[in-house]
Protein chains: 2
Amino acid sequence: MDESSERRSKSSGPKGSGPVPKAVVSRLSLYLREIQHWVREGKETISSTQLGKLLGFTDAQVRKDFAYFGQFGYPGIGYRCGELTAAIRSILGTDRSWKVALVGCGNLGQALMGYRGFADRGFEIVAAFDSDPTKFGRSLAGRTIEPLADFARIAAERDLRMALLAVPAPFAQEVADGLVAAGVTGILNFAPVTLSLPRTLQVIGVDLAIELEQLAYAVVQSRS
Amino acid sequence: MDESSERRSKSSGPKGSGPVPKAVVSRLSLYLREIQHWVREGKETISSTQLGKLLGFTDAQVRKDFAYFGQFGYPGIGYRCGELTAAIRSILGTDRSWKVALVGCGNLGQALMGYRGFADRGFEIVAAFDSDPTKFGRSLAGRTIEPLADFARIAAERDLRMALLAVPAPFAQEVADGLVAAGVTGILNFAPVTLSLPRTLQVIGVDLAIELEQLAYAVVQSRS
DNA sequence: CTGTGTGAAATACTTCACAGCA
DNA sequence: TGCTGTGAAGTATTTCACACAG
């Protein structure tokens, strides 16, 4: 990180800052995960070929993906893991920590609350909500379950912008509407429904049954 | 389902049975989900425009997706929901029920065991495994937790081919190797690692932290 | 020699636009 | 008229292949 860093552009890159393909961004997270494992094994640099092999991508794909954001590599060497992880985190916006709300403390919500993997990647669940009064005040992984009705107030107090939505499907839409009204701008939706919300809002859906369905298809196909 | 059904091809379709794009298959699950909601509202047919609007796709995309598999629509009418759901389920392989093993009964595993959404879409968790002896014999959503060491025997007895892998990341690879040896052909991997397994094996990964990371990126970008 | 960055070529996927059926 | 199925056109994404750097 000395003279070499000034020849490197920060985040609009040689591709003229045209919008980055969605597919590229989704691979960025995978790269980050692999590089972190790589580092834990004591390695300091990684080449596009090595990284690609870990994930089943071609080396060209890896290089082109990074090229969207700038020049991070060293010919003959590869990429320095430290620099690369910093760059990817900066691109993804996870170079700082995010405060997240959990909405819905059922089965799945409780598991999400206890999931260690979030903290490791810069996400902290700082409040949990439910609409069942018998749960109010109960403690969950060190947090007190708050009434969903208080969401707007607490979200404002704690500056919450992202939420994990883990309520039963029939309530997902109305609850989501409430989150939006309270200023949330990103929702990770675990309910198996398509939410209809303003486009200014970012929503990513995780439907576990759909993932299994896709697996079933792949399994059936593989029997040719 | 009378004379009209014989003009309809079953599953290789007009596209000459060339391999179906991955993107198409992933949308199939979404279509199925929406159609099921649509039916619950009492509707019997749905047009490509209606279905597309629900999911934010163009009507042409919807029609082309279905065209990969045959001719399901009726000009002037749209698609009959019953026929269409049957067709999609047949394509995905979920027209029959799948028996699935849960491997790893921690936080997340327990939530998966109790998740209602699987049964609704044709998946039944028929056995749960863990390697922690203090959990053996405990009951979880009506199933007894079995020792992971007995996996091969029980999988053979109950003809288990698919597994939900919800063990801690450091053990995921070795446990997965064991599943493969026991004849499993599809794994839904919740551990935040890339498994390296024979290509005959189908693996779909669900990394919750990565989904949040993608959401963070989208949120940051949307602030232009 | 190893390995990056990148135009150019090749694929893959999506949208257009229109013929034809009910 | 309303809507499907589908070639043709357009766009996006991936792979190739090679000049150049350490």
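A, B, ... follow the sequence lines: proteins, then strands. Residue 1 opens every chain. Remember, it's a predicted structure, so these values are computed and weren't measured experimentally.
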Sequence neighbours excluded - ring pair (Phe, Tyr, Trp, His ring centres under 6.0 Å) pairs with any residue from residues 22-43 of chain B: B/Tyr31-B/Phe66

Within less than 4.0 Å of OP1 or OP2 of C/dG5, is there a side-chain N or O belonging to A/Tyr79? yes

In whole angstrom, what separates B/Gln71's CD from D/dT4's C1'? 9 Å

Counting C-beta onward and ignoring hydrogens, is there a side-chain heavy-atom pair between A/Val184 and A/Leu160 closer than 4.5 Å? no

Check the distance between D/dT4's C1' and B/Arg80's CZ and give it to me in whole angstrom. 13 Å

Distance-only donor-acceptor check, side chains B/Thr194 and A/Glu34, under 3.5 Å: yes

Could you tell me how far apart A/Tyr31 (OH) and C/dT4 (P) are, to the nearest whole angstrom? 12 Å

Identify all side-chain donor-acceptor contacts of residues 109-116 of chain B below 3.5 Å with residues at least two apart in sequence or on another chain.
{"residue": "B/Gln110", "atom": "NE2", "partner": "B/Cys105", "partner atom": "O", "Å": "3.0"}

Identified side-chain hydrogen bond (donor to acceptor under 3.5 Å, both in side chains) partner of B/Ser48 from the options B/Arg63, B/Lys53, B/Lys64: B/Arg63

Is the side chain of B/Gln50 donor-acceptor paired with the backbone N or O of B/Ser47 at a distance under 3.5 Å, no angle test? yes

Between P on D/dG5 and OH on B/Tyr74, what's the gap in Å once rounded to a whole number? 10 Å

Within residues 41-55 of chain B, the residues having a heavy atom closer than 4.0 Å to DNA chain D are B/Ser47, B/Ser48

Roughly how many Å is it from CD in A/Glu83 to P in C/dT4, rounded to a whole number? 13 Å

side-chain hydrogen bond (donor to acceptor under 3.5 Å, both in side chains) partners for A/Glu41, two or more places apart: A/Lys43

Whole-Å distance between C/dT4 P and A/Phe72 CZ? 14 Å

Closest to the 5' end of DNA chain D, once B/Ile77 and A/Gly76 are matched to their nearest nucleotides, is B/Ile77

Side-chain donor-acceptor contacts of residues 91-100 of chain A below 3.5 Å, not counting sequence neighbours, with atom names and distances?
{"residue": "A/Trp98", "atom": "NE1", "partner": "A/Gly93", "partner atom": "O", "Å": "2.7"}
{"residue": "A/Lys99", "atom": "NZ", "partner": "A/Arg158", "partner atom": "O", "Å": "3.0"}

Hey, are B/Ser29 and B/Arg121 close enough side-chain-wise for a donor-acceptor pair under 3.5 Å? no

Just by protein heavy atoms under 4.0 Å, how would nucleotides 9-20 of chain D read 5' to 3' in B, S and -? ----SSBBB---

